[in-house]
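I have placed the structure first, in the form of structure tokens, so that the comments after it can refer back to it.
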Amino acid sequence: MKRLFDNCQNKHFDLIIIGGGITGVSLAYEAASSGFSVALFEKDDFGHATSAATSKLIHGGLRYLKNFEFGLVRESLGERRIWENIAPNMVYPLPFLVPTYKNLKSNKLILEMGMFFYDLLSFDKGNTWDRNKRLPSHKTLSRSTTLSLEQCIKSRGLTGSSIYYDCQNINPERLTLTVLRSAMKYGAQAADYAKVTSFIKENGSVSGVEVLDMISGQKHCFSSQLTVNCAGPWADLILKKAAGNHQNNHHIRRSEGIHIITKKICNTNAVTVMTASGRHLLLMPWRNHSLIGTTDKEYLGDPDQYKVSKESILELLQDVNENFACNPLSLNDVRHAYGGLRPLIDDQTEGSYETSRKYEIFDNNDEGLNNLITIEGGKYTTSRKLAGNAMKMICKKTGKPLKKSITDSQYLDGCQIKNLEAYIRDIQLQYPDFSNQTITSLVSNYGTYCHELLDIALREPHLKQSLTEDGEILAEVKWAIEHEMADSLCDILFRRTGIGTLGHPGQETIQIVANLAAFILNWPETRINEELAKVEETYLTA
Ligand SMILES: Cc1cc2nc3c(=O)[nH]c(=O)nc-3n(C[C@H](O)[C@H](O)[C@H](O)COP(=O)(O)OP(=O)(O)OC[C@H]3O[C@@H](n4cnc5c(N)ncnc54)[C@H](O)[C@@H]3O)c2cc1C
């Protein structure tokens, strides 16, 4: 993957995409694979914002059935199956236990009805390319079985539970990057640290953008037939930029959602309970730890200033302590916290939790901004479908024929693995020098590119060094810089690898990674210190 500025002389594209979250990269993939020339600009690192703040689920969203959002749930369930197919090393089945109690809110009958419809709407869940990815239908469990499976479930008033299946996206940051890499295989150009600072207009229509290369400090102009605003929580700010002196009343709501990571509290099942305020709280297994979330609170500040606050963590801890039977958790038990802002369509509902997770595609011509489209809302799970729907409007506006999408029928780049278990066994046999943990982690995160990483480590044995409990190795740092456009220590620790995402990995580990990055990227001492400071800053709350 090469940065657009280093790789491309072209200044005109069919499509310019603003934003390198899952929405932007999915559109880049859909458009490039349909024959469009595409340039994507991301002002920070790819997938650093909302797309890195998810509950790590590829899911239908059982709870949306409560609002009768059958269309959204069916679309998500269909997309869940497609993700399992096209990214088999990154998307895994995950059982969910939903305890039932004597009270009305968590009543067995109501839950059973929801489960029935969820199964009905996921009628094609058995139709996956890898047999091991097929998800069973839900089951009802007795009180004693429930308690034997997950000890964190409260026993008082418990009548039993239902178990159903969704999928876990173990590393959304890398999945976003994988979709982008797939787009680039079809010729899409992309740059991180490339901020769209203003719009170029001809006869009142948007004809391109001015982009600041935040690494070189240079400004560049690019023109396009059409520009698509995929800036997530920044989408309305982009529209204000495009409108210039004209007023733009487009408004999106932003809602904060945070997660915490603690030592392992649940076994192999995700457990979901309803809080007193009617919100769902999830406790999930993740990388031998527990991932707990999420919250949903309207955020009224500047999205650039957003940071997880200590107050939000304390509120979440209180919810966990009230709703689970584990030993009470305190701030000291929180290994890491992350958060993000949901861009939600302003549908005038009172609280952000009730606001729909559906997406919308706006032709900004209606607001006097010709040749600009804005995409808002949505879920990570439905990003591919959203991109497909956006293509309908894009083709109509550009006069190009709408081609049949191929993104649901072929593996993402590096994910060409027919049978994951057999593939891992095979790699273990081929590379006996590496631990099973390292092999599993590399296959999950890099798919078929794991060969390249393992070969690097064999050629340069010091890069074999294991850095985390998951068995991540130093070769990944070299790979991130040389092949995945990683420009900073944070890019490496939090998005290209998971070295930093389970909590602070220790000064020694960070220093080892920083030394290698400094060596490859030629960082002077001052830059190393700045990078180290930014990493420490990431672990601080507001
Ligand atoms: C707490 C939480 C939990 C969630 N859990 C799930 C889940 O489990 N499953 C699921 O399916 N969905 C989930 N979602 C929803 C999902 O995360 C979002 O729908 C999705 O990530 C939105 O992606 P995006 O690309 O639209 O936005 P983003 O990922 O925010 O990307 C927008 C990008 O635009 C860039 N940008 C902004 N301004 C500019 C500019 N001027 N120039 C260049 N670039 C710019 C930003 O830097 C940013 O990277 C969750 C959301 C939250 C907040």
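Note that ligands are numbered from 1 as they come in the structure, with each ligand's atoms numbered from 1 the same way. Model, not experiment: these values are computed from the prediction.
Close N/O approach between Ser255 and ligand 1 is not found [any backbone or side-chain N/O within under 3.5 Å]. For the pair Gly24 and ligand 1, the shortest N or O to N or O distance does not fall below 3.5 Å. Between Gly378 and ligand 1, at least one N/O pair is under 3.5 Å apart. Considering backbone and side-chain atoms together, His48 places an N or O closer than 3.5 Å to an N or O of ligand 1. In terms of polar-atom proximity, defined here as any N/O pair under 3.5 Å, Leu341 makes no such contact with ligand 1.
Closest to atom 4 (C) of ligand 1, if we only count protein heavy atoms, is Thr54 CA, 3.4 Å. Closest protein heavy atom to atom 41 (N) of ligand 1: Val196 O, 3.1 Å. Atom 30 (O) of ligand 1 has Thr50 OG1, 2.7 Å as its closest protein atom, hydrogens excluded (heavy atom only). Closest to atom 16 (C) of ligand 1, if we only count protein heavy atoms, is Tyr380 N, 3.6 Å. The shortest contact between atom 21 (O) of ligand 1 and any protein heavy atom is with Ser51 OG, 3.0 Å. The nearest heavy-atom contact from the protein to atom 47 (O) of ligand 1 is Glu42 OE2, 2.6 Å. Nearest protein neighbour of atom 26 (O) of ligand 1, counting heavy atoms only, is Thr23 OG1, 2.7 Å. Protein heavy atom closest to atom 5 (N) of ligand 1, with residue, atom name and distance, is Ser55 N, 3.0 Å.
The distance from ligand 1 to the heavy atoms of Gly232 drops below 4.0 Å at these ligand atoms: 26 (O), 27 (O), 32 (C). Those atoms of ligand 1 with a heavy atom of Lys195 less than 4.0 angstrom away are 41 (N), 42 (N). Numbered from 1 in the order shown, with element, the atoms of ligand 1 that lie under 4.0 Å from a heavy atom of Ala49 read 30 (O), 48 (C), 49 (O). Every atom of ligand 1 is numbered from 1 in the order shown, and the set under 4.0 Å from a heavy atom of Ile18 is 40 (C), 42 (N), 43 (C). The Lys56 neighbourhood of ligand 1 comprises atoms 8 (O), with distances under 4.0 Å to a heavy atom of that residue. Set against the non-hydrogen atoms of Gly257, the atoms of ligand 1 under 4.0 Å away are 1 (C). Each of the following atoms of ligand 1 lies closer than 4.0 Å to a heavy atom of Trp234: 37 (C), 38 (N), 46 (C), 48 (C).
Using bins of under 30°, 30° to 60° and over 60° for the plane-to-plane angle, the ring pair Tyr306/Tyr299 lands in the perpendicular bin.
For the pair Lys125 and Tyr118, the cation-pi test (distance below 6.0 Å, angle within 45°) is failed.
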| field | Working for salt bridge (charged side-chain N to carboxylate O under 4.0 Å, His left out), residues Lys219 and Glu210 | value | CA-CA 7 Å; Lys219 283 198 164 181; Glu210 189 181 67; 3.4 Å; yes

Exercise. Would you sort out whether Thr294 and Leu282 count as a side chain to side chain contact (heavy atoms under 4.5 Å, CB included), showing the intermediate values?
Key: CA-CA 7 Å; Thr294 179; Leu282 266 171; over 6 Å; no

Open item on the list: Set out, in order, the CA-CA distance, both residues' side-chain angles and the distance that settles side chain to side chain contact (heavy atoms under 4.5 Å, CB included) for Asp14 and Leu226, then state yes or no.
Closed with: CA-CA 6 Å; Asp14 295 331; Leu226 209 61; over 6 Å; no

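The residues Lys385 and Asp408 are annotated as not salt-bridged, no charged nitrogen and carboxylate oxygen being separated by less than 4.0 angstrom. Between Arg3 and Asp192 there is a salt bridge, with a side-chain nitrogen of the basic residue lying less than 4.0 Å from a carboxylate oxygen of the acidic one. For the pair Glu69 and Arg63, the salt-bridge criterion is not met [side-chain N within less than 4.0 Å of a carboxylate O]. In summary, Arg254 and Asp236 engage in a salt bridge, as defined by a charged side-chain N under 4.0 Å from a carboxylate O. Between Lys195 and Asp213, none of the side-chain N atoms (NZ, or NE/NH1/NH2) sits under 4.0 Å from a carboxylate O, so this pair counts as no salt bridge.
Neither the backbone nor the side chain of Thr197 comes within 4.0 Å of ligand 1, counting heavy atoms alone. Within the 4.0 Å heavy-atom criterion, neither part of Ser76 lies near ligand 1. The part of Thr294 lying near ligand 1 is the side chain, judged by heavy-atom distances below 4.0 Å.
Ligand 1 lies within reach of His259, whose nearest heavy atom is under 4.0 Å from it. Using a non-hydrogen distance threshold of 4.0 Å, Ala194 registers as a contact of ligand 1.
Sorted by first and then second residue, the salt bridge (charged side-chain N to carboxylate O under 4.0 Å, His left out) pairs involving residues 4-13 (not counting sequence neighbours) form an empty list.
Residues Asn89 and Arg174 form no side-chain contact, since every pair of their non-hydrogen atoms from C-beta on lies 4.5 Å or further apart. By the 4.5 Å heavy-atom criterion applied to side chains, Tyr193 and Lys43 are not counted as neighbours.
Considering Glu79, Arg342, Lys379, Arg254 only, the shortest heavy-atom separation from atom 51 (C) of ligand 1 involves Arg342. When the options His59, Lys241, Lys43 are ranked by their closest heavy atom to atom 39 (C) of ligand 1, first place goes to Lys43.
Shown here are the side chain to side chain donor-acceptor pair (under 3.5 Å) partners of Ser161, two or more places apart in sequence or in another chain: Thr146.
Side-chain atoms of Asn321 come within 3.5 Å of backbone atoms of Leu329 as a donor-acceptor pair (strictly under, hydrogens ignored).
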